2 protein chains.
Amino acid sequence: MPSSDPRPSVTPPMSKADYVYGVLAEEIRSARIPGGTALRAAAIARRLGVSVTPVREALRRLEKDRLISYEAHHGATVVDLGDDALEEFYGLRAVVEGLGARLAATRITPEELDWLRELHAAMARDAAGGRLDRLGEQSRHFHLRIADIGGPAFLGQHARAVHDSFPVPATASLWLDPGQVPHQIEAHEGILDALERGDGAAAERLMIEHVRRAGEHRRDNPPTG
Amino acid sequence: MPSSDPRPSVTPPMSKADYVYGVLAEEIRSARIPGGTALRAAAIARRLGVSVTPVREALRRLEKDRLISYEAHHGATVVDLGDDALEEFYGLRAVVEGLGARLAATRITPEELDWLRELHAAMARDAAGGRLDRLGEQSRHFHLRIADIGGPAFLGQHARAVHDSFPVPATASLWLDPGQVPHQIEAHEGILDALERGDGAAAERLMIEHVRRAGEHRRDNPPTG
DNA sequence: CGAACCTATTTCTTATACGTTATAAGACAT
DNA sequence: ATGTCTTATAACGTATAAGAAATAGGTTCG
């Protein structure tokens, strides 16, 4: 990955609520905590060595992320979404990130394009070298960066919200399938070319097809776990 | 509005956190609390007669709604979004609700279509009778219901999140402009016809055009506040 | 005169205690 | 024997208070 990621490398001291939120979000998104699991605030507080107050705040945030459902006086439960939701997830990602790509084509700067090209080259190197384990996370950065460029004020954050609101076990990543990786790399390259040409319509179409294809592959190849 | 709204008419006792959240969300979305305002938790707690604990939970939820921004040890600030965000907001709504309409065309039931037709008839009556003040809220139900029908498991909730994540002063509603109302009513009717025909492509196209047009009108007619 | 530092104040952040509600097991009446 | 009511328990919801961090104002040193 390029090193010019603008996020601060020295993170401010994390509050305990942020810490709890980060831990639980990662465990739920990676499906290490499976859907349907009941989350008891007191137990989480004991496990992470904090009181229940920051745990409650973390649970409220996860509820807004649609990763847990909350019922008054009953507790929190990790959401359990079926195949219908999976199809909607990829359909929504397609149109949202497609819009981001279309807008990005008209306002991307050479520096931003270089950053994406660098990231893409790193992915191509990893793919050629068989280092498939990093590709999923790098692809996430690729997609969300384009959405941020196309819609820095509003769209990018919503694209991130959509992207992070669906629990996907790591074993379900398209990028772990050696037969699929070349096609994905090629799709990314086509999108980059469209962005460089300033061809918003093509960028949108290619992004939509790319994400839809990922959804179809995910549907036909359920996670092994 | 039709009376067959499936939500329970007897609402469970609202928690204080829900109460605080509801009050603040309404005040921010209606722009009664303008963008850039600093929100102090203790002051809110005093004003609403609760302690800071439920206030903090409400603020965390509003942060996830992107109605406020939160900075550690500094406090919450009502978001202040510019014209760029406005354009992104309507663009995002267009593609998300367009996808909802496309999916809805293939799975809408006669009962659901009847409900929408009833709502539409009520809007047409109010429009003809000059009762423009209700149209904005009714239109919100119209759009979100279609999204819920098209994507009941996932898409509908995200459409709602997008719709509610942008502060729009009541004075900015398209539906208060008597010159625009007939066009909007006509657009809704065209969408309903496409849904009835099961023509997903047309429903998506019409919904996108409808929302985009609303965004353009909003851009050319800033709120009078 | 300006910049850096210290301190007082304000506000957020967390922990703890108490009240409230849901759930399930057991007793009682039918 | 079954259905309902009672009660015990466990979990959530809220208030309060103590602790931590950031900001502003004044002071001191260069």
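Computed from a predicted model, the values in this text were never measured in an experiment. All chains are named by letter (A, B, ...) in the order of the sequence lines, taking the proteins before the strands, and each is independently numbered beginning at 1.
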Practice prompt. Fit a plane to each ring of B:Phe89 and B:His163, take the angle between them on a 0 to 90° scale, and name the class: parallel (under 30°), tilted (30 to 60°) or perpendicular (over 60°).
Written response: perpendicular
Discussion item. Just so I know, are the side chains of B:Leu116 and B:Glu111 near enough to count as touching, which here means a heavy-atom distance under 4.5 Å?
Written reply: no
Discussion item. Looking only at the side chain of A:Tyr70 (C-beta and beyond, no hydrogens), which of the listed nucleotides D:dG13, C:dA15, C:dT11 gets closest?
Written reply: D:dG13
Discussion item. Does this structure show an ion pair linking B:Lys16 with B:Asp18, if we count only N-O contacts that are shorter than 4.0 Å?
Written reply: no
Discussion item. If I take atom CG in residue B:Leu48 and atom C1' in nucleotide D:dT14, what distance separates them, rounded to the nearest angstrom?
Written reply: 15 Å
Worksheet item: A:Glu57 has an atom CD; how far is it from atom P of C:dC12, in whole Å?
Response: 12 Å
Practice prompt. Nearest whole angstrom, please: distance from the P of C:dT10 to the CZ of B:Arg40.
Written response: 11 Å
Worksheet item: Tell me: OH of A:Tyr21 to P of C:dT13, nearest whole Å?
Response: 16 Å
Discussion item. Among residues at least two apart in sequence or on other chains, which ones pass side chain to side chain contact (heavy atoms under 4.5 Å, CB included) with B:Leu135?
Written reply: B:Met123, B:Asp126, B:Ala127, B:Leu132, B:Gln138, B:Trp175, B:Val181
Practice prompt. May I ask you to say whether A:Glu112 pairs ionically with A:Arg145, meaning some side-chain N is under 4.0 Å from a carboxylate O?
Written response: no
Worksheet item: Does a nitrogen or oxygen in the side chain of B:Tyr19 sit under 4.0 Å from OP1 or OP2 of D:dT14?
Response: no
Discussion item. Both A:Thr53 and A:Glu71 contact DNA chain C. Taking the nearest nucleotide for each, which residue is further toward the 5' end?
Written reply: A:Thr53
Response to the item:
Taken to the nearest whole Å, CD1/A:Ile44 to P/C:dA15 is 14 Å
Worksheet item: Which of the following nucleotides, D:dA17, C:dA15, C:dT23, is nearest to the side chain of A:His74?
Response: C:dT23
Fill in: Value in whole Å for how far the P atom of C:dT11 lies from CZ of B:Arg56
14 Å
Practice prompt. Answer yes or no: is there an ion pair linking B:Glu88 with A:Arg107, defined by an N-O contact shorter than 4.0 Å?
Written response: yes
Worksheet item: Are OP1 or OP2 of D:dA15 and a side-chain N or O of B:Ser51 less than 4.0 angstrom apart?
Response: yes
Item to complete: Take B:His158 and B:Val96 through the test side-chain contact (heavy atoms from CB on, under 4.5 Å) and record every step on the way to the result.
Response: CA-CA 8 Å; B:His158 271 278; B:Val96 171; 5.6 Å; no
Worksheet item: With respect to the side chain of A:Val52, which nucleotide from C:dT16, C:dT14, C:dC12 is positioned closest?
Response: C:dT16
Side chains of residues 27-38 of chain A: which donor-acceptor pairs under 3.5 Å do they make with residues two or more places apart or in other chains?
residue	atom	partner	partner atom	Å
A:Glu27	OE1	A:Arg47	NH2	3.1
A:Glu27	OE2	A:Arg47	NH1	3.3
A:Arg29	NE	A:Asp164	O	2.7
A:Ser30	OG	A:Glu26	O	2.8
A:Ser30	OG	A:Glu27	O	3.3
A:Ser30	OG	A:Arg32	N	3.4
A:Arg32	NH1	A:Glu26	OE1	3.1
A:Thr37	OG1	A:Pro34	O	2.7

Item to complete: Consider the side chain of B:His73, meaning its heavy atoms from C-beta on, and name the nucleotide among D:dT14, D:dA21, C:dA15 that approaches it most closely.
Response: D:dA21
Worksheet, complete the sentence: To the nearest angstrom, the CE-P distance between A:Met14 and C:dT13 comes to 14 Å
Worksheet, complete the sentence: Walking DNA chain C from its 5' end, the first of B:Ala76 and A:Pro54 to be reached, judged by nearest nucleotide, is B:Ala76
Worksheet item: Quick one: is D:dA20 close enough that its OP1 or OP2 comes under 4.0 Å of any side-chain N or O from A:Lys16?
Response: no
Worksheet item: Just how far, in rounded Å, is C1' of D:dC12 from CG of B:Asp18?
Response: 13 Å
Discussion item. Just to be sure I understand the rule, does B:Leu59 reach a base, reach only the sugar-phosphate, or reach nothing, if contact means heavy atoms closer than 4.0 Å?
Written reply: nothing
Worksheet item: In degrees, rounded to 10°, what is the bend between the two ends of the helix from C:dC1-D:dG30 to C:dT30-D:dA1, using five pairs at each?
Response: 10°
